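Take a look at the structure below.
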Amino acid sequence: MTSEHPVLETRDLTIRFGGHVAVDAVSCAFQRGTTTAIVGPNGAGKTTYFNLISGQLTATSGKVLLNGEDLSGLSVAARTDRGIGRAFQLTNLFPSLTVRENVRLVAQARARRGYDLFSVASSHVELIERAEHVLAEVRLIEKADQTVAALSHGDQRKLEVAMLIALQPQVLMFDEPTAGMSVDEVPVVLDLIAGLKRDTDRSILLVEHKMDVIRSLADRIIVLHNGALVADGEPAEVIASPIVQQAYLGREPEEETVDA
Amino acid sequence: MLVRIISGDMPRSRLLSLIVLVIGFSLLFAPFLFPGIKSLDTAARIAIFIVLVASYDLLLGYTGIVSFAHTMFYGIGAYGTALALDAWGPSFWAMGLGTLLGALVAAVLALLIGLFSLRVRAIFFAMVTLAIASAFAVLVSQMSAFTGGEDGLTYRIPRELTPAFRLMTDKILDVSINGRLLAYYLIFFCALVLFLVLLRIVNSPFGTTLKAVRDNSFRAEAIGYRVIWYRTGATVLSAVVAALAGSLLAIWLRYTGPATTLSMEIMINILLMVVIGGMGTMYGAVVGATIFILAQTYLQDLMGIASKATDGIPLLSELIAPERWLLWLGVLFILSVYFFPTGIVGRLRGEVK
């Protein structure tokens, strides 16, 4: 029924902070079953673009469409409910709760049971099983009873991914999923995202700096520079384009050794 | 069965289980274990305060909302029952209807306060509740024709709940089985049910979501929970339970005035009881309220005895004179907050922060 629409689309999406245009009329469509990397120098507006899609920020003008439905005016929670899922750049969890409880709360939100006042939460076995299933998938199951505050940074990143998986969204947005992870932990997260790619009903958006990560995961790259979309295409083609060489690769010389 | 009643929320500490059981049984058999008017009155106040403090813990400990309007809701419940008994005479239906109306007013007011001010930052919400609660207290004392002003209201309650009503001529264990005893058990069982309801709420899917909202409201919103509704829901629930606790107080005291319900001193006491007992634990309310009320009631007596015993020693005897009880209560608080930052319950459960 919605197959004629791209799963996610932004039309002339713009946000201004005073005189500064952080995201400048970005029009872009994201198809089901694709993984798009969003690149650009720091301050290019990548995270702001994410914030506009997931609703943490309200656009000055322009639209976000999910399966053709305009999301303007909808709260973060309402957008999440419709299928926009996001993992955060800075770890953003429930620190005093256990790992299992963090994921169970996501499954509970998904099942729309949050307003249930009179049953005991631990009696909803299916939600706990769902949480544990996801935790097994991200290899955190043996730490399910630890509180999040006690986890290592890498494990917190994995939990961040687990919560996104448990949300079962149509659009999965990852904001530098491997940032700050140790070398041996990175492949675990990359495998998880690669696994999510196999589900062709979804679209993955990925903000990432590391070119090897982008090349192993993305089938498309879009480049933001000073808030505007300056390049869009197949990874090899975009990386080779002069505008990217100048705008993106020009600023952060160590990060983008293309042939590394 | 028992696990179901307490919603699977075990005390998780052997000593805590023991303490909670001792408090529960002491309150259940208080008329027989501790005969006398003063001790029965203390037991009833402990039962009422456990509910009041637990309802505040739902807000402060579980949802992370600081409100100074809790005594206002407590007062609304008390005045609801008091005004109904005063206006319609001492019947059970007047008592019930007044209680219901009080709870309803509290719910509507909490809903409005929540929707209008929970969007703003936590500190502003605290200030808004402080302003509204102060305004309400002034309003009650000004509308003296209606509320009795500062003097409050004295009224009669149904005869079946007064000492004049005797169920049997004989005494049991030297305790006369009269309406006062009935009133005590009415309060005890209402308090017990309300506490168990709160325990269920905090362990429900809703209650677990409140903890998520407390920990990280930004993320709670991002996984699909409408944070404003959870915060408002918690505010309304805690207001209704506080109002019901106020109605229990009104029935027990047969008097309702600003000093017993609306004063800022009670608000501070509630805060202290939650913190001393342990925030976000529910059992903390049981321990905190019991210790506090006992200290408030008996510390003076205890100090009077100690002061007499140390009559010869000049400075010491002065320091522990009964009129210094507030000073020592203050010292006890500072020490307990310093040594048990997670409250007594947190300490007993071995949580370190």
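So you know, we letter chains A, B, ... as the sequences are listed, proteins then strands, and number each from 1. Predicted model only: the values in this text are computed from it and were never measured.
B/F206 is not listed as a side-chain neighbour of A/D116, based on a closest heavy-atom distance of 4.5 Å or more. Counting heavy atoms from C-beta outward, B/R219 and A/M163 have side chains that approach closer than 4.5 Å.
A 6.0 Å sphere centred on OH of A/Y115 holds more than 12 heavy atoms belonging to other residues, nucleotides or ligands. For CZ of B/F116, the number of neighbouring non-hydrogen atoms (other residues, nucleotides, ligands) closer than 6.0 Å is 12 at most. Atom OH of B/Y338 has 12 or fewer heavy atoms from other residues, nucleotides or ligands within 6.0 Å. Within a 6.0 Å sphere centred on CD1 of B/I123, heavy atoms belonging to other residues, nucleotides or ligands number 12 at most.
Of the inter-residue distances, the one linking A/T80 atom OG1 with B/Y225 atom OH reads 11.5 Å to the nearest 0.5 angstrom. The distance from atom CG of A/D81 to atom CD1 of B/I223, rounded to the nearest 0.5 Å, is 11.5 Å.
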Worked check of side chain to side chain contact (heavy atoms under 4.5 Å, CB included) between B/T209 and A/L105 | CA-CA 7 Å; B/T209 309; A/L105 280 161; 4.2 Å; yes
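Between A/V76 and B/A222, the closest heavy-atom pair is CG1-CA, 3.6 Å. Between A/S119 and B/P205 the shortest heavy-atom distance is O-CD, 3.4 Å. Summarising the geometry of A/S96 relative to B/D215, their closest heavy-atom pair is N-OD2, 2.7 Å, with the distance given to 0.1 Å.
When each of B/G280, B/G8, B/G233, B/S7 is checked for heavy-atom pairs under 4.5 Å with chain A, B/S7 comes out on top. Taking A/L167, A/L97, A/V106 one by one and counting their heavy-atom pairs under 4.5 Å with chain B, the maximum is reached by A/L97. Ranking A/R86, A/R113, A/E101, A/Q56 against chain B, the residue ahead of the rest is A/Q56, based on heavy-atom pairs under 4.5 Å. The candidate with the highest count of non-hydrogen atom pairs below 4.5 Å against chain B, out of A/A77, A/A109, A/A78, is A/A77.
Neither the backbone nor the side chain of B/L210 comes within less than 4.5 Å of any heavy atom in chain A. Contact annotation for B/R214: only side-chain heavy atoms (C-beta onward) come within less than 4.5 Å of a heavy atom of chain A.
Between the side chains of A/R104 and B/T208, at least one donor-acceptor pair of N or O atoms lies under 3.5 Å.
Between the B/S204 side chain and the A/V120 main chain, no donor and acceptor come within less than 3.5 Å of each other.
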